[in-house]
2 protein chains.
Amino acid sequence: MNQKTQIRDPELTRARILEAAEALFVEQGFSAVKLSELARSAEVTKSLIHHHFGSKEQLWEAVKNRAFERYFTAQMAMLEEAGEPDAALLRRSVEAYFHFLRDNPGVVRLFAWTHLEGDSHCGELDNQLVGAGAEWVRQAQMRGLLRKDINPTHVIAVFVMTCTQWFEAKCHHQNWPGMGSDEAFLEDFLKIFMEGVVPRE
Amino acid sequence: MNQKTQIRDPELTRARILEAAEALFVEQGFSAVKLSELARSAEVTKSLIHHHFGSKEQLWEAVKNRAFERYFTAQMAMLEEAGEPDAALLRRSVEAYFHFLRDNPGVVRLFAWTHLEGDSHCGELDNQLVGAGAEWVRQAQMRGLLRKDINPTHVIAVFVMTCTQWFEAKCHHQNWPGMGSDEAFLEDFLKIFMEGVVPRE
DNA sequence: CGGCTAATTGACCGGCCGGCCAGTCAGGGT
DNA sequence: ACCCTGACTGGCCGGCCGGTCAATTAGCCG
């Protein structure tokens with residue numbers, strides 16, 4: 001009587017497991033997560049997790065793939081709606097990237113865990129994005145909109161890494177004396193960055 | 001007869017454990033390290049670890065404290081031998097920091113693990129360093145050596161975070177198309193950074 | 001030399017980890 | 001209506017995790 005009407009929906013079940021797993025992995029990393037805890041959190045049995053994903057490690061891979069896929073498509077969408085190369089576009093790209101990371105803290109942590117594992121897979125996803133971005137920078141350099149004496153890939157790398165570290169290491173520097181808010185920091189970073197990449201007249 | 005001559009040297013034992021523990025924690029993080037593995041690696045019994053450090057977590061704290069102490073004193077030494085404020089000194093500080101991280105990859109990883117734990121202790125150690133650095137920037141701003149419209153703490157933060165992320169996420173971006181070597185990247189970053197912080201004439 | 005302190009050992013423990021398996025059962029194809 | 005696939009369950013397992021303890025012994029101090 002009290003037994004819930006058994007309704008089977010494997011896709012929903014998979015989704016529930018992935019959702020709960022992502023939350024736990026983001027928070028604790030791979031090895032600190034216990035399948036029993038995950039099962040409780042996703043409201044499924046431990047066996048069901050194995051049924052759908054095989055092993056803890058395969059689940060970890062699935063979680064990462066799903067999240068990085070989301071990251072990648074979001075970035076691609078941003079890139080495609082970019083307009084003509086000019087300095088303002090570079091500024092807007094940095095702002096967009098910064099705000100994307102701010103609004104997706106889970107991805108940032110997942111990246112961090114993955115970096116510590118030495119997994120280069122997430123970097124490979126970026127190859128297209130970075131390649132396109134660097135190409136854009138190269139064109140801007142040729143048109144005289146950006147200074148020519150800097151490797152275009154490094155231009156992309158500098159702002160990507162600054163934004164990433166700002167959120168990855170928040171707990172480290174948020175109490176530094178004089179440190180400002182997200183927006184204040186972004187503003188100051190852009191002052192340095194934009195001034196540093198445009199040519200001196 | 002085969003028994004090794006029992007020589008007791010508790011300080012050496014502690015040091016051996018700390019050494020081995022640091023290597024393992026740096027590599028795998030807290031929860032993935034097994035005390036049995038550590039014991040084997042340090043060539044001591046598991047009980048001896050508990051005798052000297054109490055628990056796995058206390059050992060983890062001891063390892064972090066020791067490493068961060070090393071980091072802090074090294075940075076302090078660098079800071080104290082700094083000379084008169086001018087733009088060249090800022091450049092040299094960035095280079096020194098970058099090369100310190102390159103030569104101490106363990107500290108970088110330890111920081112990363114600690115960030116993911118949300119531990120703000122390592123950031124507190126930096127307060128003095130950052131405070132002194134920011135003060136130096138402020139003075140340079142007043143003398144007209146650096147532009148005045150940027151929060152001094154943010155100047156420090158930008159180069160610290162870029163250098164840190166370069167090494168933390170090496171596996172992520174090392175295969176990006178067009179990405180250069182450590183030195184090439186540092187050179188390009190300095191071009192952007194130095195040009196971004198000096199005043200326009 | 002005797003005795004105390006603490007370093008060191010190895011046997012041992014309860015708990016729980018990830019994973020497996022036999023079996024049940026819902027739902028769609030025919 | 002039947003059946004078969006695979007979603008799902010509960011119980012179980014071997015192993016090993018971090019941690020404890022009693023016993024042994026090296027080193028030091030008086």
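Throughout, a chain's letter reflects where its sequence line sits, starting with A, and its residues are numbered from 1.
Closest approach to the A/Ile7 side chain among C/dG27, D/dA7, D/dG18 is made by C/dG27 (side chain taken as heavy atoms from C-beta onward). Closest contact between the side chain of B/Thr45 and the listed nucleotides C/dG10, C/dA6, C/dG19 involves C/dG10. With C/dC17, C/dG18, C/dA6 as the choices, the nucleotide that has an atom nearest any side-chain atom of A/Lys46 turns out to be C/dG18. Counting only heavy atoms from C-beta on, A/Ser47 has its side chain closest to C/dC21 among C/dT8, D/dA7, C/dC21.
Between the side chains of A/Glu117 and A/Trp60, at least one donor N or O lies within less than 3.5 Å of an accepting N or O. Side chains of B/His52 and B/Gln58: a donor-acceptor N/O pair is absent below 3.5 angstrom, by distance only.
A donor-acceptor pair under 3.5 Å is formed between the side chain of A/His173 and the backbone N or O of A/Trp166.
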So A/Glu22 and A/Arg70, salt bridge (charged side-chain N to carboxylate O under 4.0 Å, His left out) or not? Walk me through it. CA-CA 13 Å; A/Glu22 181 168 328; A/Arg70 282 204 311 260; 2.8 Å; yes

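Taking atom CZ of B/Phe53 as the reference point, atom C1' of C/dA7 lies 13 Å away to the nearest angstrom. One can place CZ of B/Arg8 at 8 Å from C1' of C/dA6, the figure rounded to the nearest angstrom. Atom CD of A/Gln58 and atom C1' of C/dG18 are 13 Å apart (whole Å). Here C/dC16 presents its C1' atom at 13 Å from NZ of A/Lys56, a figure rounded to the nearest Å. Atom CD1 in B/Ile49 sits about 21 Å away from atom P in C/dA6, given to the nearest Å. If you take CZ of B/Arg16 and C1' of C/dA7, they are 13 Å apart, rounded to a whole angstrom. Remark: C1' of C/dG18 and NZ of A/Lys34 are 13 Å apart, rounded to the nearest angstrom. For A/Glu11 and D/dC8, the CD to C1' distance is 16 Å, given to the nearest whole Å.
Of the side-chain N and O atoms in A/His51, none sit less than 4.0 angstrom from OP1 or OP2 of D/dC8. When the side-chain nitrogen and oxygen atoms of A/Ser36 are compared with OP1 and OP2 of C/dC17, one or more of them lie within a distance under 4.0 Å. Here B/His50 does not reach the OP1 or OP2 of D/dC21: none of its side-chain N or O atoms lies under 4.0 Å away.
Of the options A/Val198, A/Ile156, A/Leu146, a side-chain contact (heavy atoms from CB on, under 4.5 Å) to A/Leu90 is made by A/Leu146 and by none of the others.
Around the CD atom of B/Glu19, the shell of radius 6.0 Å holds no more than 12 heavy atoms that belong to other residues, nucleotides or ligands.
Less than 4.0 Å separates DNA chain D from no heavy atom of any residue of residues 22-33 of chain A.
Within the 4.0 angstrom heavy-atom criterion, only backbone atoms of the sugar-phosphate kind lie near B/Leu35; the bases stay farther away.
Judged by the 6.0 Å distance and 45° axis criteria, A/Arg109 is not positioned over the aromatic ring of A/Phe25.
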